[in-house]
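Proteins get letters first, then strands, A, B, ... in listed order; numbering begins at 1 in each.
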Number of protein chains: 2
Amino acid sequence: MTGYSHQKRFLVAVDCIIFGFDGQQLKLLLIQRGFEPEKGKWSLMGGFVEKEESFEIAAGRVLHKLTGLENVYMEQLYAFSDPVRDPIERTASITYFALIDINQYKHQISKDYHAEWFQLNKVPKLIFDHTEMVEMAKEKLRYKAALHPILFELLPEKFTLPQLQVLYEGVYDATFDKRNFSRKVLSTGLLVKQKEKEKESSKRGAFYFKLDKRKYKTKFDAFLNFIPNPHKLK
Amino acid sequence: MTGYSHQKRFLVAVDCIIFGFDGQQLKLLLIQRGFEPEKGKWSLMGGFVEKEESFEIAAGRVLHKLTGLENVYMEQLYAFSDPVRDPIERTASITYFALIDINQYKHQISKDYHAEWFQLNKVPKLIFDHTEMVEMAKEKLRYKAALHPILFELLPEKFTLPQLQVLYEGVYDATFDKRNFSRKVLSTGLLVKQKEKEKESSKRGAFYFKLDKRKYKTKFDAFLNFIPNPHKLK
DNA sequence: CCAAAAGTGTTGCCGTTACACCCATGA
DNA sequence: TCATGGGTGTAACGGCAACACTTTTGG
């Protein structure tokens, strides 16, 4: 016996919801689909799962193909399985969301896919159920970032407190008091102050911080509490 | 064109991690697998996804077949995809965890599958990667129940505060102060005190409570905070 | 010297914890 | 009447939110 003979077999794809932060705004990387159906329409980057590949490996491969990056934070989001979500042939899609530092991203590679970064509130119409996937990913990002320090995955190695605050404010579409914010993040003990300052965005300059990688790993599951208060939402 | 011609197609199964509460303990429902390979070994209840079925529908069907229940709380857990997780043929497994009131469960149906309830700390060796699935489900249950009132899905319509406390203590393997516990749950406004008492388990009797279903739906995403303090862990 | 952003402390409030006694009842 | 489990109040503490002024420096 070489298989479970009478069962139906399916196509399985992975799709990546790729978030990036450019120092100002949280963005989403989309491509223009290169084959039919829906050729030329905006779409998440995806690909079929190959024969000897786990979904995780497939998602990493797809992400690498578009961005040139490896060792990126990725997390399985959800398995989408509506039998008619792809009109050509039934295809399940296992989605992954990825967080990348936009500055490390290689722009030239993505030209092949006609890729572009979009502001989160300016995402165009997407093919199939990709809009739903993006919405779910945004929600999960907010949920998870309220409890775990994952947003650091979006930042370069050195970053300033004002940059970090802009990022959190972007994710939650809220504004925070900078005194309370800095006290809260510093109280986690995850940040190490550097001697240099970032002098681009202000005259006085803001001190750089680095993540304490050892503590980051051990405290990743320690619950934080970055959920904005309802009355502070913009 | 009737498909994406050169891509590999896979078998896809769903497996259900079924939690139940009997008033005393949180338990897991397992079956003795009825076909090769690993026939007769302990396993999660599962089944192949059929041609026109979404994963959600398939998981519901599988759960119904074993328990006779419908409208059960179910949630997608994770897609497991190691290419060699099933030795006979590559099969991905989309897992769902379910929470049921053990008293509503129809014992006679499950006899066909040689099903049995196991205490969480006495789960036998399981086939394939099912042990890993169970571990992930336990962790997710703890995580989610710390933030959302999902544990009510394990209780009958009417329940007492002592019963509820036993449930939370079982899930977190911790003990709570009953005064603080009752204040906390009542402060959510989700519970409605009944006039009748439950008189089986004590002489004095304990008042029944019901869920306020309207508030349950609207406040489901309001974060609670049932995470036990580290120093209270047994 | 002035505009623009960085940086820093204190106070009040509220939610959480710790803790102990009385109540109702069946046997 | 006594043993068993149910039910309740208060005080201390700690964490969080609100809030405003000083510092630095490039132009």
Legend entry - Of residues 194-204 of chain A, the positions that come close to DNA chain D - non-hydrogen atoms, cut-off under 4.0 Å: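 DNA chain D contact set from residues 194-204 of chain A: A:Lys199, A:Lys203, A:Arg204.
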Spacing of [X] atom [atom1] relative to [N] atom [atom2], expressed in whole Å:
X: A:Leu186; N: C:dT8; atom1: CG; atom2: C1'; answer: 11 Å
X: A:Phe207; N: C:dT8; atom1: CZ; atom2: P; answer: 8 Å
X: A:Tyr208; N: C:dG7; atom1: OH; atom2: P; answer: 12 Å
X: B:Phe176; N: D:dG6; atom1: CZ; atom2: P; answer: 17 Å
X: B:Phe181; N: C:dC19; atom1: CZ; atom2: C1'; answer: 18 Å
X: B:Lys184; N: D:dT8; atom1: NZ; atom2: P; answer: 18 Å
X: A:Arg179; N: D:dA20; atom1: CZ; atom2: C1'; answer: 6 Å

Inset, instruction - Hey, which sits more toward the 5' end of DNA chain C by its nearest nucleotide, A:Ser182 or B:Arg183? - result: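 This one resolves to A:Ser182.
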Inset, instruction - Report the residue (B:Gly205 or B:Lys178) whose heavy-atom-nearest nucleotide on DNA chain C is the more 5′ of the two. - result: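 Going by which nucleotide is closer to the 5' end, it is B:Lys178.
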Legend entry - Aromatic ring proximity A:Phe159/A:Phe209, centre distance under 6.0 Å: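 Aromatic pair excluded; centres sit 6.0 Å or further apart.
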Legend entry - Within residues 155-166 of chain B, residues whose heavy atoms come under 4.0 Å of DNA chain C: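 None, since no heavy atom is under 4.0 Å.
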Inset, instruction - Using the side-chain hydrogen bond (donor to acceptor under 3.5 Å, both in side chains) rule, collect all pairs that involve residues 93-103 of chain A, keeping only residues at least two apart or in two chains. - result: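 Output for this query lists A:Asp15-A:Ser93, A:Glu56-A:Tyr96, A:Gln76-A:Tyr96, A:Asp101-A:Asn103.
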Please determine, by modelled atom types, if [X] and [Y] share a side-chain donor-acceptor pair under 3.5 angstrom.
X: A:Asp22; Y: A:Gln24; answer: no
X: A:Glu153; Y: A:Tyr216; answer: yes
X: B:Tyr78; Y: B:Glu132; answer: no

Inset, instruction - Inspect the surroundings of NZ in B:Lys140 and state if more than 12 heavy atoms from other residues, nucleotides or ligands are less than 6.0 Å away. - result: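 Atom NZ in B:Lys140 is packed in, count exceeds 12.
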Inset, instruction - Report yes if some heavy atom in the side chain of A:Glu198 is under 4.5 Å from a heavy atom in the side chain of A:Lys158; otherwise report no. - result: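 In short, these two side chains do not touch, never coming nearer than 4.5 Å.
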Inset, instruction - Using atom types as modelled and distance alone, determine if a side-chain donor or acceptor of A:Ser81 lies under 3.5 Å from a backbone N or O of B:Phe55. - result: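 Confirmed, A:Ser81 side chain pairs with B:Phe55 backbone.
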Inset, instruction - Please test A:Arg214 against A:Asp212 for salt bridge (charged side-chain N to carboxylate O under 4.0 Å, His left out), starting from the C-alpha separation and ending with a verdict. - result: CA-CA 6 Å; A:Arg214 178 196 240 100; A:Asp212 182 331; over 6 Å; no
Inset, instruction - Go through D:dA17, C:dT17, D:dA20 for me and flag the one nearest to the A:Asn180 side chain. - result: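 Of the candidates, D:dA17 comes closest.
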